[in-house]
Structures are given as C-alpha cells and as structure tokens.
Amino acid sequence: MHPDLHRKLAQSWLLIIVLLVAALFWLLPRSQINSSVLALLPQQQTAEVPQAFSDGFTQRLDRQLMWLVSPPPGAGVQPADDWLRQLQTLPELTQVAGPMDAQRQQEWGAFFFKHRNALLDDETRQRLKSGAEAQSQWILGQVYSAFSGVSGKELANDPLLLVRASQMAQQQNSAGMALDHGWLMARDNQGRNWYLLHGELKASSYDITSAKHTVAALSAAKDAFEARWPGAKVLERGTIFYSNYASQQAEHDLSTMGAASVLGVFALILLMFRSVLPLLLSLLSVAIGALSGTVFTLWIFGEIHVMTLVLSTSIVGISADYTLYFLTERRVHGEVNSPLESLKKLFPALSVALLTTVAAYLMLLIAPFPGLQQLAVFAAAGLSAACITVMCWYPYLSTRLPVGPTPGLAIIMRWLLAWRSRKAVRFGLPLLVLVLVVTGISRLKINDDIADLQSLPADLQQQEQHIAALTGQTNDQKWLLVYGDSAEQTLQRLEALRPKLAQAKEKGVIDGFRAISLPSQAQQQRDLSLLRQRAPQIVTQLQQAGVTVAPPDLSAQKVEVPQWLNSVVSEGWRLLWLTLPDGRSATLIPVNGVHDSAAMAVLAASTPGAGWIDRKTEFSSLFSQYRVYLTYLLALAVAVIAAVYLWRFRLPHGLICLLPTLLSLGMGIAALGFSGHNLNLFSLLALILVLGIGINYTLFFTNPRGTPTTSMFAIFMAVVTTLLTFGMLVFSSTQAISSFGIVLSAGILTAFLLSPLTLPAKKRGRKK
C-alpha cells in the first residue's frame, strides 16, 4: 500500500471517529438504557390469543404481590394489622389490602342481596334445573341445620336463600381459607394461622433498578416486623422476587468476572511485552470498539440494555487480538520490515479473521433474544472498529515499540518442532481429542426446559411450596384466556368453556381452576326465567313442610361488567378481567396442577375465542425450534468453510485444515457432557462463536506471508485473552451463562492446541 494512500485512510478514519463521538452525544438524549429483564426474553407469539390481551394480563400479573403472615401464638390478628400498615407506607407499592372490614362486608352482602336474582351460583342453578324439590329440600336443610343459623329476617327478605347460596359458593372458591375478623385465613398442619395480604407494584417487576430497591425495602420491612413480633413469620410471592434474584445474580457474576477478565488481559499484555505502549494501544482499540458498538446499537435499537453493556466486556479479549497480532509482528520483525510492510503481511489474515468473527456474532441476530441481538450488533460494530483502528493508525502509533525476539521463543519452537517430528503429537493429539469428543457426546443429554437454565434459591422455592400448600394456588403461570369483541360475548364463551374445564378436572387433566362467576346477560335472563318458573312450587313445598314464607321478589336485577368491577364483590377477581379501549374484553382463568398441557391446548382450541397460555412450555418449545434451526445453520457454515479450504488448499491439506474446526466444535459440545450440563440453545449460540473465533487461529497459521513463531505467539496471546474473557463465564452461578462459558472455553482451547496442524509440512518448525 502506498504511504500517501494509507495516510489518507488514517485521516479519514479519524474523521469517522469524530463523527461517531458526535453521533453518540446526539443519540444519548434520544435513547434509553433499558433495565427490564423482560426485554431480554423472546417475544411471546401465542397464535390463539391477541397479543394485546396476552401482554396486558402479563404486565398486570407480573406486578402482583402476595403475603401470608403468621402471628406468634396467642397474638391474634394484631401482627397482621401491623404488617399491613407497614406495607401501606412503602412508596413502591399501591393497592395494598388485607382484611375486609365490617363496612365492606355489609356492602358485599347488600350488593348480592340487591342483585340476587342475577347472580345465581352454579349449584343453585343446577338444583333449579332439576326441579323445585331440589331447591326446597336444600332450603329446608339450611333452616333446620343447627349450624347454619338461618334467621327469620333472612328468610323473610330472601325466601329462596339465594344470597346464602352465593356466599357458600364464594367460600368454596377460597381454596379452604376462612374469614377471621375480616381476614382471609388458612391454618397449617401445625395449627398456625396465616393471614392473606395482597398489593401491586407501581413499577414493572422486571425493571432492574426499581426491583432492586423494592426488594431491599421489603426485606428491611420484614426484618423490622419480625424484630417487633418475635416468632412471627412472613411468606411472600411475586414475580419481582424471581426477576430481581436472576438479574442481580447475572449482573454480579458478569460484572465481577468482566472486571477480572479485563484486568487479566491487560496484565498479560504488560507481562509479555514489558512495555506500556501495547497496553495503551490495546485500550485505544477497545475504547474505539466500545464507542462504535454503542453508537450502532443505539442507532438500530433506539436503546441499549444494561446486560448488553455487561456482556460486551466479553469482546475485550477479541478486540485486543488484532492489536496483539500486529504488535507481535512489529516486535519480532520491526528491524527488517517497515510498519506498512508489516500491515501488508498481516492484512489477509486480519481481514479474514475479522470477517469470520463478525459473521459469527451476526448469526446471533437470528436468536429470539433481544439482548443477544443487541450484543451481536455491538460486537460486530465494535470489533470492526477495533480492527480498522489497528490497520489505519497503528503503523504510526507503534513506531516506539521495543523490538526484540518473541517472548517464550524456545517453548514455541519446541512445540512447533513436536508437531513436525513427533507422530505422537501430530497424530496422537487429534486422535485423543476425537476420543474425548466421542466420549463426551455419548454422555450428552438434550434439554430445552427453560426452568433448567436458572437455579432458584432454596428459600424462594420453600416459600412457594408453603404458599401453594396453604392456598391451593400454584405459581406455574398456566392460564386459559377467553376473549371476545364485547364483554357479553366473552362471558358467553366463558360459560361455554366452564363445563369442559369441570370435565378436565374430573379426568385428572388439571387439579383445579378459578374463573369469575359473573353470568352473561343472556344467562341472567335465563336464570330469571328459571326462578319465575320454580319459585311458586318452591314456596308451596316450603309451606307444606311447615315453613311459612312470602312470595319472593322476582324482578329483573341486571348486573353488567362495569357495575360488577366497581363493586366490592369483584375484589380479588378484577385482575382476571381486561377491557381494551376498543371494547374488546377478555378474562383469565388460572389453572392449577396441569398434568397435560397439550390436552389443555386442545380444549382451548375447541372453544371459539379461547387460548391456552403456558409460558414455560412456550419458551421451551421456542428454544427447541431455534436449537434445531441453529444446528442446520452451523452445519451449513461448516460446509461453506470446508468448500473454501478445499478450494484454497486442495486435497489433502484442505481437509487437514478443517480438522481443528470440526474437533473444536465437537470438544465444545463434549465438554457439556463431561460437566453434566445439557445441550440447549445457549450451547449452540456458544458454538457459533467457537466457529467464528477458533477459525482465526487456523487463518493466522495458514497466512502464507506469516511465520510460524510469530503466528504461534500471536495465537497464544489471542487464546489466553479470549479465555480470560469467556473462560470466566464458567464460574457463573447462572447455569445458562456457565454452560455458555464451558462450550466457548473448551472449543477455543481445542482450536488453539490443534492450530499447528494446519501448517504446511515445509513450514513446521521453521524459525522465521
């Protein structure tokens, strides 16, 4: 390359960097840093359910919090009242509620009495359908029961005892919980009372910053409460506790390991080069890479996620590789070659290495994870900028670099000589790796279950099990969703689905379900007609049995959805109803103890306007689909690489050059089998990077203008810096991140160990 042309390129690159800095200052005020964990997850595409309903219910339910408080023995409900007041003072919470006071109980009874003809429960409806005698016998059973306490006033005001029947139905829906001083209360096997409270977050449970502060505030409140009431216990449930644990754990792991890996890379550079200049130049290329990655991510996505920033530390080692390869060449051959001659010598290997790594990262764009898509753009732009910086500027900036022999030259020469002269190394090492690959893969298991990607803390799991045992309500996020163009259509579809759900429960497909009990207008009209038909006969039969009652008031008492939502009777049920601005409505039916998710999907499909939502199964299915997709994509990439090698090096050397690539991919997977991890989508995403990064070592050795010793030292520095960044992920307590690190570390280390295999026979062992 002509010096004048290169100087113009260097000046042009300086201008581009200035423009990138200006773009950063322009983009920052117009963009945001996203801290929502939900933004890292794939977008749910439930074909049977309109996205507006799915998103609306998900966002609403993810803000919900629930507590069960057990006072010390003999303390009564006072500790529960104290905990309620403490929660109500927290600014992060809203709509915190506990007991139903006397006034609200009266309002509840008054609403049911006023609309008793419209709010029939299922059991009363079935009794009336079977004939007047069934209802009259039930009324007589209540009147003459020593425990029911039916008063003459109640019988005079409500001769058919419709309000009482509704109250009893509500109690059956409370999953064995009873009222105690207005509190919903459950009693465990040890005889302890547990009082129920619920509330809502003001911010999303997935907002990392607010979730951290909220959980800390709740934890402090809990400690203060238990200090005031020794022996009291508090159980808590909410998405925020899980999302906060996952985000804080991942952020801590990655930031800690990121800092350690960056320090390790820079310490290695200082140790090997014994000069501050390589460190400063590495910092410069990393900084420009970070600038470029940030600008392009903000420009394309309009935001950048905090996890993208944390994960971007993983590219530090790769971006430093380009600097180290050039500086190694200058250190060894600086006295013989000019800087531009060194660049000309390394340009083919550097450019192809950059293209393969960037291509590997850009393949992450097909993953359904927004966080990984941002990382792909960040890495592609950042690595490109770092490599271009080396090519444009470092021939000028490295003029003061000390010149001397390759550090560790004797070790490098012995290693290369072993590849040339020792069959045990040249044939034995690849065969050993092949045996390990076959053995490891034979132990491998495929598991796409999303639950296995994140280990939850034991205390949260124990609390969840305890709450489920007390309330009968699990937190497995499996729901039926019924929707319609209007509230009336939605309620009618719910009524059509309810018998099918009852049948599914009888067959053992599910253990139970909760659905709102508001009848549709059509059902209310049918109930009123049924009451008017049966009431005279019921009154006659009661009088014949010696119970004198007046004819009941059978006037129309219509209840519509807005009226029901604004009343006290919908407390605890409002979460399960959603109306969009255009009038479309939906209701959610939480389902407990699902033993056959596929059968529930079939059940939903059999009812118009119904959909089955099983978030865990949906994510696991999505992971499985993308894992298969990535497998084919990897196979295609390997086929393309094989074709390129065969075209460039011909047989048999082209196949020999392919061996390190194939064995490094195999070793990455085999390492999962040896470590007890499962193969999943994250493993294949790591394999993409093994392919894109590991192939660089082959390219460095096959560079016809390079020398084996220089290439070996550059590759050694590259692999150590890469292992320092990605290898640290192995120690993450998050299983998905740990398995990602295992695949990368094993694959890249294998690619490094086998890279001399690609040397042409005449080059093995040559000193220069």
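Worth saying up front: this structure is predicted, and the values here are computed from it rather than measured. We number each residue from 1, following the sequence as shown.
Nearest approach of Pro72 to Pro79, heavy atoms of both residues: CD-CG, 3.9 Å. Scanning all heavy atoms of the two residues, the minimum distance from Ala80 to Leu197 falls at O-CD2, 4.4 Å. Between Leu565 and Arg574, the closest heavy-atom pair is O-NE, 2.9 Å. Closest approach of Ser738 to Val730, counting heavy atoms only: OG-O, 3.0 Å. For His466 against Trp194, the heavy-atom pair with the smallest separation is CE1-CZ2, 3.6 Å. Minimum heavy-atom separation, Leu681 to Asp448: N-OD1, 4.4 Å.
No donor-acceptor distance shorter than 3.5 angstrom exists from the side chain of Lys212 to the backbone of Asn244, with no hydrogens or angles considered. A donor-acceptor contact shorter than 3.5 Å links the side chain of Ser567 to the backbone of Trp564. With hydrogens and angles disregarded, no donor-acceptor distance shorter than 3.5 Å links the side chain of Ser624 to the backbone of Ser620. Distance alone, capped at 3.5 Å, places no donor-acceptor pair between the Arg192 side chain and the Pro73 backbone. Put simply, the side chain of Arg60 gets close to the backbone of Trp577: a donor and an acceptor are under 3.5 Å apart. Remark: side-chain polar atoms of Thr579 are not paired, donor with acceptor, to backbone N or O of Ser585 under 3.5 angstrom. Between the side chain of Gln463 and the backbone N or O of Glu236, at least one donor-acceptor pair lies under 3.5 Å. Arg63 places a side-chain N or O within 3.5 Å of a backbone atom of Lys202 that can act as its donor or acceptor partner. Checked by atom type and distance alone, the side chain of Thr89 pairs as donor or acceptor with a backbone atom of Gln86 at under 3.5 Å. Counting only distance, with no hydrogens or angles, the side chain of Arg493 and the backbone of Tyr483 share a donor-acceptor pair below 3.5 Å.
Between Leu679 and Lys445 there is no side-chain heavy-atom pair separated by less than 4.5 Å. Under the 4.5 Å side-chain criterion, counting only non-hydrogen atoms from C-beta, Leu201 is in contact with Ile240. The side-chain heavy atoms of Leu588 and Leu61, taken from C-beta on, include a pair separated by under 4.5 Å. In this structure, Phe57 and Leu578 have side chains that are in contact, with non-hydrogen atoms separated by less than 4.5 Å. Residues Glu200 and Gln64 are in side-chain contact: their nearest non-hydrogen atoms beyond the backbone lie under 4.5 Å apart. Between Leu87 and Phe225, every side-chain heavy-atom pair lies at or beyond the 4.5 Å cut-off. Looking only at side-chain heavy atoms (C-beta outward), Leu480 and Phe513 stay at 4.5 Å or farther from each other. Between Ile589 and Trp479, the closest side-chain pair of non-hydrogen atoms is not below 4.5 Å.
Taking CZ of Arg443 as the start and OG of Ser675 as the end, the distance is 10.5 Å to the nearest 0.5 Å. To the nearest 0.5 Å, atom CG of residue Asp614 and atom NZ of residue Lys478 are 4.5 Å apart. For the atom pair CZ of Arg85 and CD of Gln88, the computed distance is 9.0 Å after rounding to the nearest 0.5 Å. Atom CZ of Arg514 sits about 8.5 Å away from atom CG of Asn592, to the nearest 0.5 Å. Once rounded to the nearest 0.5 Å, the distance linking CD1 of Ile748 with CE of Met667 reads 13.5 Å. The distance from atom CG of Leu494 to atom CG of Leu481, rounded to the nearest 0.5 Å, is 11.0 Å.
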Checklist line | Chi angles and distances behind the side chain to side chain contact (heavy atoms under 4.5 Å, CB included) call for Val234, Leu68 | finding: CA-CA 6 Å; Val234 176; Leu68 285 173; over 6 Å; no

**Study point:** CA sep, side-chain torsions, deciding dist, call: Tyr245, Val215, side chain to side chain contact (heavy atoms under 4.5 Å, CB included)
**Key:** CA-CA 9 Å; Tyr245 173 80; Val215 171; over 6 Å; no

- Check the pair Tyr242, Glu464 against side chain to side chain contact (heavy atoms under 4.5 Å, CB included), reporting the backbone distance first and the verdict last. CA-CA 11 Å; Tyr242 296 98; Glu464 184 59 48; 3.2 Å; yes

Point to revise | Worked check of side chain to side chain contact (heavy atoms under 4.5 Å, CB included) between Arg498 and Asp122 | key: CA-CA 10 Å; Arg498 200 185 287 266; Asp122 285 335; 3.5 Å; yes

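Side-chain contact check for Asn680 and Ser683: at least one donor-acceptor pair (N or O, by modelled atom type) lies under 3.5 Å. Lys500 and Thr607 are linked by a side-chain donor-acceptor pair at a separation below 3.5 angstrom, with hydrogens and angles left out of the test.
The environment of Glu571 atom CD is dense: over 12 non-hydrogen atoms of other residues, nucleotides or ligands sit within 6.0 angstrom. Counting heavy-atom neighbours within 6.0 Å of Asn189 CG, excluding the residue itself, gives a total of 12 or less.
Ring-plane geometry between Tyr195 and Trp183 is classed as perpendicular, the angle between the planes exceeding 60 degrees on a 0 to 90 degree scale with a lower cut at 30. Using the six-membered ring where Trp is involved, Tyr626 and Tyr629 have ring planes that are perpendicular, over 60° apart on the 30 and 60° scheme.
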